[in-house]
Chemist: 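Got a structure for you, written out below as structure tokens; questions coming shortly.
The analysis underlying the following values was restricted to heavy atoms, covering all of them including side chains, and did not include hydrogens, waters or symmetry mates.
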Amino acid sequence: MIFSRKRAGDARHARDERTTEVLGDAEESTPAAPSRGPYDASEAPDMPRLDLGSLQIPAVPEVEVRVQADPQGVIQQVVLVHGENALQLGVFAAPRSEGIWDEVREEIRQSLFNDGTAAREVEGEYGTELHARVRTPDGLTDLRFVGIDGPRWMVRGVFQGAAATDPTAAGPLAICLDGLMVDRGHEAKPVREPLPLRLPREMAEQATQENPAPGQREA
């Protein structure tokens with residue numbers, strides 16, 4: 001089953017969607033779960049997800065989850081693949097009082113500039129995105145960076161393939177991003193520190209038995 005998500009027509013962060021409830025004669029502003037994610041664990045709707053610790057990924061048909069993990073099952077990289085499109089995911093600690101995507105986006109832009117690549121900001125459905133074309137061993141590659149600020153966390157996604165230049169081409173990858181759940185935990189963490197990601201125990205045990213060396217694992 002593919003999980004469809006309601007999409008707003010204007011560009012905005014998912015965290016900005018809130019509703020107001022009116023009780024009796026008094027109006028009370030009550031936070032409501034956003035119509036789409038990435039979701040915080042406290043507000044996520046139930047759906048089948050692959051549990052990678054701080055990040056839980058919806059089970060969407062035809063989307064392959066590729067992870068790179070060490071022998072202890074600690075994940076270094078998560079990439080979702082559908083056809084020729086890919087979405088690399090990262091989740092990071094953020095302060096309680098404000099989001100960090102604006103600062104992170106500027107750092108990415110500056111890093112690309114230092115490498116001789118110009119990046120441009122584009123208003124997309126997740127807010128301000130960063131689009132760039134980088135040179136790789138396989139030739140020029142388009143990248144689309146998106147960031148979603150949540151309560152004490154930030155999800156960063158990097159689209160490749162046709163989805164990097166045409167958001168409507170993301171298809172099932174966009175459904176995965178909209179259904180992500182972040183389990184931040186309650187421990188204090190330095191701002192921008194990657195939140196811990198781990199293979200499910202049974203997968204980690206299987207991977208260790210098959211090949212104890214670090215390498216590509218597929219979920």
Chemist: Between R36 and E125, does any NZ, NE, NH1 or NH2 come within less than 4.0 Å of an OD or OE carboxylate oxygen?
Modeler: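 A salt bridge is present here (some side-chain N lies under 4.0 Å from a carboxylate O).
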Chemist: Rounded to the nearest 0.5 Å, how far does CD of Q68 lie from CD of Q76?
Modeler: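 If I round to the nearest 0.5 Å, the distance is 6.5 Å.
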Chemist: When you look at L173 and F159, which way does the side-chain contact (heavy atoms from CB on, under 4.5 Å) test go after all the steps?
Modeler: CA-CA 9 Å; L173 295 182; F159 286 96; 4.2 Å; yes
Chemist: Search all heavy atoms of E129 against all heavy atoms of G124 and return the closest pair with its distance.
Modeler: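 In terms of heavy atoms, the two residues are closest at OE2-CA, 3.6 Å.
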Chemist: For a quick test of reading the model, state the closest non-hydrogen atom pair linking P196 to S54 and the distance between them.
Modeler: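 Closest approach of P196 to S54: O-OG, 2.8 Å.
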Chemist: Please determine whether side-chain contact (heavy atoms from CB on, under 4.5 Å) holds for the pair I148 and Y39, giving the CA-CA distance in whole Å, both sets of side-chain angles, and the decisive distance to 0.1 Å.
Modeler: CA-CA 10 Å; I148 301 96; Y39 299 97; over 6 Å; no
Chemist: Taking CD in E193 as the centre, count heavy atoms belonging to other residues, nucleotides or ligands within less than 6.0 Å. Is the count above 12?
Modeler: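 Check passes, neighbour count above 12.
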Chemist: Report yes if some heavy atom in the side chain of P172 is under 4.5 Å from a heavy atom in the side chain of N85; otherwise report no.
Modeler: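 In short, these two side chains do not touch, never coming nearer than 4.5 Å.
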Chemist: Nearest 0.5 angstrom please: R109 CZ to T117 OG1, how far?
Modeler: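 Going from CZ on R109 over to OG1 on T117, the span is 12.0 Å.
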Chemist: When rounded to the nearest 0.5 angstrom, what distance separates OG in S111 from CD in E106?
Modeler: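 It is 11.0 Å, given to the nearest 0.5 Å.
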Chemist: For T141 and Q160, test the side chains for any donor-to-acceptor distance below 3.5 angstrom and give the result as yes or no.
Modeler: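 Not at all, the side chains of T141 and Q160 share no donor-acceptor pair under 3.5 Å.
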Chemist: Which heavy atom of A170 sits nearest to which heavy atom of A163, and what is that distance?
Modeler: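 Heavy atoms of A170 and A163 come nearest at CA-CB, 3.7 Å.
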Chemist: Between the side chains of Y126 and D149, does any donor sit under 3.5 Å from an acceptor?
Modeler: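 No, no side-chain donor-acceptor pair sits under 3.5 Å.
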Chemist: Honestly curious: do L89 and V63 fall in one hydrophobic cluster under the side-chain, below-4.5 Å linking rule?
Modeler: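 Yes, same cluster.
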Chemist: Output the rest of the hydrophobic cluster of V79: all Ile, Leu, Val, Met, Phe, Trp and Tyr residues reachable through side-chain heavy-atom contacts under 4.5 Å, sorted by chain and number.
Modeler: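 Its cluster mates, by chain and number, are V81.
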Chemist: Quick one: does Q77's side chain get under 4.5 Å of Q88's, heavy atoms only?
Modeler: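 Q77 reaches Q88 side chain to side chain.
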Chemist: Give me the atom names and distance for the closest heavy-atom approach of A188 to R152.
Modeler: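 Reported closest heavy-atom pair: CA-NH2, 4.5 Å.
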Chemist: Does the pair I175 and D178 meet the rule for a side-chain contact (heavy atoms from CB on, under 4.5 Å), with working shown?
Modeler: CA-CA 5 Å; I175 293 172; D178 287 352; 5.7 Å; no
Chemist: If two hydrophobic side chains count as joined below 4.5 Å and joins carry through other members, does F113 share a cluster with V134?
Modeler: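 Unlinked, F113 and V134 end up in two clusters.
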Chemist: To the nearest 0.5 Å, what is the distance between CG on D183 and CG on D40?
Modeler: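 So the CG of D183 and the CG of D40 are separated by 8.0 Å.
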Chemist: Give me the atom names and distance for the closest heavy-atom approach of A164 to R144.
Modeler: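 Smallest heavy-atom distance, with atoms named: O-CB, 3.4 Å.
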Chemist: To the nearest 0.5 Å, tell me how far R120 CZ sits from H131 NE2.
Modeler: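 If I round to the nearest 0.5 Å, the distance is 6.5 Å.
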Chemist: Mind checking what makes side chain to side chain contact (heavy atoms under 4.5 Å, CB included) contact with R192, not counting sequence neighbours?
Modeler: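 R192 satisfies side chain to side chain contact (heavy atoms under 4.5 Å, CB included) with I100, E103, V104, E107 once adjacent residues are dropped.
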Chemist: Would you kindly say whether D166 and T168 are connected by a side-chain donor-acceptor distance under 3.5 Å?
Modeler: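 D166 vs T168: donor-acceptor pair found between side chains.
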Chemist: CG/L143 to CG/L112 distance, rounded to the nearest 0.5 angstrom?
Modeler: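 Between atom CG of L143 and atom CG of L112 there are 7.5 Å.
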Chemist: Going only through I, L, V, M, F, W and Y residues with side-chain contacts under 4.5 Å, is there a path from V74 to L52?
Modeler: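 No; tracing contacts between hydrophobic side chains, which count when under 4.5 Å, never links both residues.
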Chemist: Test side-chain contact (heavy atoms from CB on, under 4.5 Å) on R105 and E121 and set out the steps.
Modeler: CA-CA 9 Å; R105 185 178 68 251; E121 292 189 344; 2.9 Å; yes
Chemist: Using every non-hydrogen atom in the two residues, find where A44 and M181 come nearest and quote the distance to one decimal.
Modeler: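 Closest approach of A44 to M181, heavy atoms only: CB-SD, 3.4 Å.
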Chemist: Is it true that, when you exclude R133 itself, more than 12 heavy atoms of the residues, nucleotides or ligands shown sit nearer than 6.0 Å to its CZ?
Modeler: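 Atom CZ in R133 is not crowded, with 12 or fewer foreign heavy atoms closer than 6.0 Å.
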Chemist: Could you see if F145 belongs to whatever hydrophobic cluster contains V122? Use Ile, Leu, Val, Met, Phe, Trp, Tyr and a side-chain cutoff under 4.5 Å.
Modeler: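 No, no single cluster joins them.
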Chemist: Report yes or no: do T136 and D138 form a side-chain donor-acceptor pair below 3.5 Å?
Modeler: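 Checked: T136/D138 side chains show no N/O donor-acceptor pair below 3.5 Å.
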Chemist: Does the side chain of V155 come within less than 4.5 Å of V182's, by heavy atoms?
Modeler: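 Contact flag for V182/V155 side chains = yes.
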Chemist: For a 4.5 angstrom cut-off between non-hydrogen side-chain atoms, does L195 reach K189?
Modeler: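 The answer is yes; the side chains approach within 4.5 Å.
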